[in-house]
Structures are given as C-alpha cells and as structure tokens.
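Reading through the structure tokens given below for one structure.
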Amino acid sequence: MDSNIITIKNLHKSFGENNILNGINFKVNKGDVSCIIGPSGSGKSTFLRCINLLDYPTQGEIIYKGKNVLEDKYDVDLYRSKVGMVFQQFNLFNNLNVLDNCTVGQVKVLKKKESEAKENALRFLDKVQMSKFIDAKPKQLSGGQKQRVAIARALAMDPEVLLFDEPTSALDPETVGEVLKVMRDLAELQMTMIIVTHEMAFAKEVSNRIVFMDEGMICEEGSPEEILVNPQNERTKNFLFRFIVGESS
Amino acid sequence: MVEKSFFEWISYILQYYGLWFLQGTGITLMIALLGTVVGFLIGLGLGTVKKIPVSRNKFNRIFMSAVNFLITCYVEIFRGTPMMVQAIVLYFGMQEFLGINFNPTIAGIIIVSINTGAYMVEVVRGGIESVDPGQMEAAKAIGMTHGQAMWNIILPQTIRNILPATGNEFIINIKDTSVLNVISVTELFFVTKTIKGAIFRTYETFIVAAVIYFVLTLTVTRLLKLLEKHMDGPQEFVHVSSTMPIVFAKKSGDK
Ligand SMILES: Nc1ncnc2c1ncn2[C@@H]1O[C@H](COP(=O)(O)OP(=O)(O)O)[C@@H](O)[C@H]1O
Ligand SMILES: [Mg+2]
C-alpha cells in the first residue's frame, strides 16, 4: 500500500556541541494524526522544524516521494510548500491582510492566478470561519482568530502534511476551543497532521498515534490507549503522572 | 542715504533677491530629495545583500564574504569622512585624473546619494533584523525562497520600520547640502553667500536663509508623519458580509 508520505531515518540535530535530536525514526502515512508529547526542552519543536527544514538536520535522511530531501540538489522550497507549518506564535504576515496572507504563497510559490488563489483562500477562510475578516490586518485579530487564519494559510497551499507546534499554547483559555475545533474537523477530513501539544484530552480524541519524546529521542509510541492509558516506558509514566498532577492542582 | 531698519533690509532682500533664494531652495530640495531616494535604494540593496544567509556552497560562501567586505569598506569610508571632503575629492579628483568635468549639481547629487547610502546600509540591516524572525520562518514554511520572502514579506515591514530614520536622513541632507558650496553648487547656502557678497548685509541675508531651511525641514517632518500614518492604514476594518456559500469538500482522491 502506497500511503507513506514521509519516512525519517536516524535523524540527528545538534546546535554546536549540544545534541538535541539523537537518532529519530519516524514514518508519516496518509491520514495519520500523530501527536507528539514530552517535557519542555525534549526537542519536539526542533523535530518539527527539521521535518520541514527550518532547522537543517546534521545527520539522517528524510525520504519524500522516494527521494532524500537532504540531498544537496533537492528543491527544498518546493518540498516545504507541501509540508505546512502552524506556529505557536501564529506568525501571520504582518504587512498583509487576512486574504493576502492566504493567497501570497499560492501566487508566488505555486504560481496560481490571483483569482484562483483568492477563491481557494476564501474556501479555507470560510472553513475556519474567518471569511468576514479578509480585510483585517493581523494586529486587529485576537489570538484564536490569528491561529485560524494561520491554519487557513497553510491549508491553501494544499499541503500533504501539516505540522503544528503547540498551536494553542499562546492562546487565551477561552479561544483554545475554537482552534481545537478546526483541527478536529481537519482530522475528520483525514488531513495528515503531526501535532506537538500539551492538550492530552485533545490528543487522545483526535490522534491515531501518540509519540512520547524525551532527550531528543522517541521513547515510546503507539495508539492513544497504549501511551496515555497504559504506558510501558518509565519516562512516559513519569511524564504523564507529573502532567496529571500538575493539571489537577 | 538713510540707514535701513532690519525689516526694511529683509523686504529689500526679498524684493531684489527673492528669486535667487527660490532657485537656491529648489536646488537644495532637489539634491536632498534625490540624494535621499537614491541613498535609500543603495541602502536597501546593499543592506539586503548583507542579510543573505550563508550558503552551503563553498564558492558562494567565499564570494559573499568578499562582497560583504567591500560593502563594509564602503560604509566605513563614507561614514568616516566629512561630506565636504568627499565632495572636493570626488569633484576635483575626477577633473584631475579622469578629465571628467562634472556639472557641480550632478556631482552634488552623486555625493549626497553615496553618502546617504552608506548610512542607510546599516539602517536597513538593523531594520531587517528588527522584523520578527517568525515572519521569515512562516514565509519559508510555505515554500518561499529567501528572495521571495524578502521581497514580499520582510522588506515591506523593514521599510515601514525605517521610515522615521529615512526621514531623519532627508532632513539632515537638506541641511548638509550646504557643504556642497565648496564645489560651487548653487544651492541655498551658496546663493545666500553670494547675495551677502552683493549687498554686504550678512545678518539679514542669513536670517532669511535660516527661516527657509527651518520651513523646509518642518514641512518635511510633517509630511513624513502623514506618510507613516498612511502606511499604517486605517485602524478599523470592515466585516465582509457572507462571501458565498462554500462547501468544504473532503480532500479528494488519493493519488
Ligand atoms: N537555535 C537553537 N540554538 C541552540 N539551541 C537550541 C536552538 N533551538 C533549540 N535549542 C535547544 O534545543 C533544546 C530543545 O528545544 P525544543 O526543540 O524547542 O524543545 P521542546 O519544543 O520540546 O520544548 C533546548 O534545550 C533548546 O535550548
Ligand atoms: Mg517547543
């Protein structure tokens, strides 16, 4: 079955002397919703950033459509346009309004016509219920609204995989729900996603795989039940225990 | 002959030499404006070049560090010497060694442009660095090349950020074009000196010049404030009512 999108083999990343990722193997299949959990500083963000090459891995392979994207002559920009990213800090383009945020990539990178890009963007803005705001600048939006636009912007590129790095961590509690709802809808539509999150209930509900990372390695992975209910690894148990205690206190 | 009062002198000067002042003002404004615009473009270009990320290709790396070195030399030399000296060296140097006879006004525009450019390189570099790094990352993440990200996302924000500094440079240029009198550019200061020489009234003539300079810089300051406001756009936005009923289709077809 040809449902594999990306295969990551023995991925390493170091910043100077510090080894942040220590040999990660990971497969992304079509329709997978994988949630990555783990303590702060364990390398979750770095892992996501290595997947779409915002950080360049120091060693290893990222195989996409049979080719290693880390090879010298590979067209990195095209690959990136197919691997979308949603950031904790939204990173909407501050100089552009909501609509242009969602069309600029289609026009400049995918070389679509303005009209086509606009129609496509409106479809996704409607989906995240932001089509009333197409003329607004990012600074005029709330955090939750910004993040929904950021998701629409990523979707408008028609990505094969969407990466989310703690998409709700910078949000006010009351707006977390509206962003999670959008992501839940995407999961239902079989969008392939890798989500770094601390929202355990959400992770359990939407994902078909949970990955626990610590010290730059994948310690344990499996179905939500396997990891969240019945973890085998000591570190996973510790993390979840501390997490649950922290939540309820 | 009865001695004229201060105000009589002023009105005498304006009456007989008003047109001279006007022409001098025109030349000053033109040199300052062109110099600032060209200098801004030089700064934008070279500042952007300075921020090109280090290439993984060895040849490109060596080439870029050579280019960066040249830019640094340019910036240091033109910031480290007085514009008056630069004007003399360029103007008379060209005559002496290359036999090129520049029109002084054109020489003036070139000097002010190059000089402003040297200051603007650093201003632009700082302006690019003041844009949130997340902007570049988001642009990269949707597949933009470094150039596309710069042009569409980073530089528009940079330009807004450095507008006050550019305006400041413009105002400095209005005042500093006065040093171009050393190469006989007929700008406001040169004209003032000439008029003084004709009527032997230093104080009154220069009072007129001072007022003109002040009105120029004040007007420019005001105009720039308006421009900044305009670039920031309206504080309000309108809600667009229901675009069209669109159904979000399930992602179709596994290829
Ligand atoms: N650009 C960088 N330079 C140096 N160290 C970094 C850089 N980015 C991340 N790190 C380090 O890598 C480690 C993992 O960071 P990160 O991937 O952000 O972890 P997480 O997202 O799991 O909290 C941290 O110790 C952090 O200090
Ligand atoms: Mg992180």
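Throughout, a chain's letter reflects where its sequence line sits, starting with A, and its residues are numbered from 1.
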With a 4.5 Å limit on heavy-atom distance, are the side chains of A:M85 and B:E137 in contact? no
Going by heavy atoms in the side chains, are B:K140 and A:L54 under 4.5 Å from each other? yes
Which residue out of A:L78, A:L92, A:N52 racks up the most heavy-atom pairs below 4.5 Å with chain B?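 Ranked by heavy-atom pairs under 4.5 Å with chain B, first place is A:L92.
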For the interface with chain B, which of A:K108, A:M157, A:K137 has the highest count of heavy-atom pairs at distances below 4.5 Å? A:K108
Above 12 or not: heavy atoms from other molecules or residues under 6.0 Å from [atom1] of [X]?
X	atom1	result
B:K50	NZ	yes
A:K13	NZ	yes
A:Q129	CD	no
A:E174	CD	yes
A:K82	NZ	yes

Tell me which one of B:I142, B:N152, B:I154 satisfies side-chain contact (heavy atoms from CB on, under 4.5 Å) with A:F93.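 Considering B:I142, B:N152, B:I154, a side-chain contact (heavy atoms from CB on, under 4.5 Å) with A:F93 is found only for B:I142.
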Chain B contact via [X] - which portion, at a heavy-atom distance below 4.5 Å:
X	value
A:F87	side chain
A:K139	side chain
A:N94	both
A:Q89	neither
A:D100	neither
A:Y56	side chain
A:V83	backbone
A:L96	side chain

side-chain contact (heavy atoms from CB on, under 4.5 Å) between B:M144 and A:D77: does it pass, once the steps are laid out? CA-CA 6 Å; B:M144 285 195 192; A:D77 298 311; over 6 Å; no
Relative to chain A, which segment of B:Q148 carries a heavy atom at a distance below 4.5 Å: side chain, backbone, both, or neither?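 Contact with chain A is through the side chain of B:Q148 alone.
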Over all heavy atoms of both residues, which pair between A:R80 and B:G143 is shortest? Give the atoms and the distance, please.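 Of all heavy-atom pairs spanning A:R80 and B:G143, the closest is CB-CA, 4.0 Å.
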